[in-house]
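As the structure is a prediction and not an experimental result, all values here were calculated from the model. If you read the sequence from its start, that first residue is 1, and numbering goes on from there.
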Amino acid sequence: MSANPAHALLDRLHGGKTNSIGQALAVAADVLARPELFDALLGGLEHEEPLVRMRSAYAVSKAAAERPDLLQPHKGRFIDRLTAPDNSHLCRACLLQAVRSLTLTPEDIALLTDLLLDFMHSDSSIVKTFSLHLLVEFAEADESLRPTVMPLLWKALETGTPAMRARARKLMKRYRL
């Protein structure tokens with residue numbers, strides 16, 4: 001392991017089963033205990049190894065859920081990272097979860113709405129599910145989005161995967177749609 005704390009942090013996200021989060025929760029806890037490491041964790045989103053990118057995204061989403069102030073200064077870079085072509089569907093899903101931690105301007109919401117609508121065409125049901133969730137939250141706050149979002153919600157209820165249908169039911173109940 002590296003003597004540099006930033007490198008050591010990302011070193012912990014290497015290896016193991018590719019379908020696991022590895023030490024991502026422990027890394028998130030370490031970042032919460034030492035917030036100066038958040039920049040290094042954010043750098044993991046651009047790591048050459050897809051597994052490290054995905055686990056970094058997971059750790060970022062967990063840390064940001066507890067401390068949104070850590071992610072907020074990096075909002076622009078973070079939103080740009082959502083569109084990176086080298087993101088796996090699991091990485092993108094984790095990034096989408098972290099979006100909920102951000103304080104967004106109307107311009108951010110407009111940009112994200114366009115991205116999320118594009119993500120609704122993804123081959124990944126998890127990306128579509130998290131995108132739909134954010135779109136519904138945006139539509140709850142901005143009624144002008146409802147004519148665009150409601151058909152997507154109904155489609156998820158009718159033809160989505162079981163997970164998408166379950167999420168759509170929860171969203172409709174939560175927002176009384």
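Scored by the salt bridge (Lys or Arg N to Asp or Glu O under 4.0 Å) test, Arg81 finds Asp86 as partners (sequence neighbours excluded). Scanning for salt bridge (Lys or Arg N to Asp or Glu O under 4.0 Å) contacts around Arg77 gives Glu46, with sequence neighbours left out. Residues forming a side-chain hydrogen bond (donor to acceptor under 3.5 Å, both in side chains) with Thr159 (at least two apart in sequence, or on another chain): none. Taking the side chain to side chain contact (heavy atoms under 4.5 Å, CB included) definition, one finds that Thr148 meets it with Leu117, sequence neighbours left out. In terms of the side-chain hydrogen bond (donor to acceptor under 3.5 Å, both in side chains) criterion, residue partners of Lys75 (sequence neighbours excluded) are, by chain and number, Asp108. Partners of Glu158 under the side-chain hydrogen bond (donor to acceptor under 3.5 Å, both in side chains) rule, at least two apart in sequence or in another chain, do not exist in this structure. Applying the salt bridge (Lys or Arg N to Asp or Glu O under 4.0 Å) criterion to Asp142, with sequence neighbours excluded, gives no partner residue. With sequence neighbours left out, Glu107 forms a side-chain hydrogen bond (donor to acceptor under 3.5 Å, both in side chains) with Thr105.
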- For side-chain contact (heavy atoms from CB on, under 4.5 Å), just list the numbers for Leu116 and Phe138, CA-CA rounded to whole Å, side-chain angles, deciding distance to a tenth of an Å, and then say yes or no. CA-CA 11 Å; Leu116 296 169; Phe138 293 167; 3.6 Å; yes
- Task: Under the side-chain contact (heavy atoms from CB on, under 4.5 Å) rule, what do Leu135 and Leu153 come out as? Steps first, then yes or no, please.
- Result: CA-CA 9 Å; Leu135 285 166; Leu153 189 57; over 6 Å; no
- Test side-chain contact (heavy atoms from CB on, under 4.5 Å) on Leu132 and Leu152 and set out the steps. CA-CA 7 Å; Leu132 180 63; Leu152 297 172; 4.0 Å; yes
- Message: Apply side-chain contact (heavy atoms from CB on, under 4.5 Å) to residues Cys94 and Val60 and explain how you reach the verdict.
- Response: CA-CA 8 Å; Cys94 292; Val60 165; over 6 Å; no
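Judged by distance alone, with hydrogens and angles left aside, the side-chain atoms of Arg12 form no donor-acceptor pair with the main-chain N or O of Gln23 at under 3.5 Å. In this structure, Arg55 contributes its side chain and Pro50 its backbone to no donor-acceptor pair below 3.5 Å. Although no hydrogens or angles enter the test, the distance criterion places no donor-acceptor pair under 3.5 Å between the side chain of Arg167 and the main chain of Thr129. Side-chain N or O atoms of Ser101 include one that pairs as donor or acceptor with a backbone N or O of Ala64 at under 3.5 Å.
Nearest approach of Ala59 to Ala28, heavy atoms of both residues: O-CB, 3.6 Å. The two residues Ser144 and Pro147 make their nearest non-hydrogen contact at O-CD, 3.4 Å. Shortest non-hydrogen contact noted between Ala93 and Val127 is N-CG2, 4.3 Å.
Summarising the geometry, atom CG belonging to Leu71 is positioned 10.0 Å from atom OG belonging to Ser61; distances are rounded to the nearest 0.5 Å. Here OG of Ser124 is found 6.0 Å from CD1 of Ile126. Values are rounded to the nearest 0.5 Å. The CG atom of Leu82 sits 9.0 Å away from the CG atom of Leu111 when rounded to the nearest 0.5 Å. In this structure, CG on Leu95 lies 10.5 Å from CZ on Arg53, to the nearest 0.5 angstrom.
Transitive grouping of hydrophobic side chains (ILVMFWY, heavy atoms separated by less than 4.5 Å) brings Val149 and Ile109 into a common cluster. Leu134 and Trp154 fall within a single hydrophobic cluster, where Ile, Leu, Val, Met, Phe, Trp and Tyr side chains are chained together by heavy-atom contacts under 4.5 Å. The hydrophobic clustering, which links ILVMFWY residues whose side-chain heavy atoms are closer than 4.5 Å, places Phe130 and Leu104 together. Hydrophobic clustering, with ILVMFWY side chains joined whenever heavy atoms are under 4.5 angstrom apart, keeps Ile21 apart from Leu9.
Among pairs with a residue in residues 91-104, those fulfilling salt bridge (Lys or Arg N to Asp or Glu O under 4.0 Å) read Arg100-Glu137, at least two apart in sequence or across chains. For the salt bridge (Lys or Arg N to Asp or Glu O under 4.0 Å) condition, no pair includes a residue of residues 116-134, sequence neighbours left out. Counting only residues at least two apart or on different chains, the ring pair (Phe, Tyr, Trp, His ring centres under 6.0 Å) pairs with a member in residues 39-68 are His14-His47.
In this structure, Ser131 and Leu96 have side chains that are in contact, with non-hydrogen atoms separated by less than 4.5 Å. Met120 is not listed as a side-chain neighbour of Lys155, based on a closest heavy-atom distance of 4.5 Å or more. Residues Arg165 and Pro162 have side chains in contact (heavy-atom distance under 4.5 Å, counting atoms from C-beta outward). Taking 4.5 Å as the limit, some side-chain heavy atom of Leu13 sits within range of a side-chain heavy atom of Leu10.
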Which donor-acceptor pairs under 3.5 Å do side chains of residues 31-43 form with protein atoms, sequence neighbours excluded?
{"from": "Arg34", "atom 1": "NE", "to": "Glu36", "atom 2": "OE2", "distance (Å)": "3.1"}
{"from": "Asp39", "atom 1": "OD1", "to": "His74", "atom 2": "NE2", "distance (Å)": "2.9"}

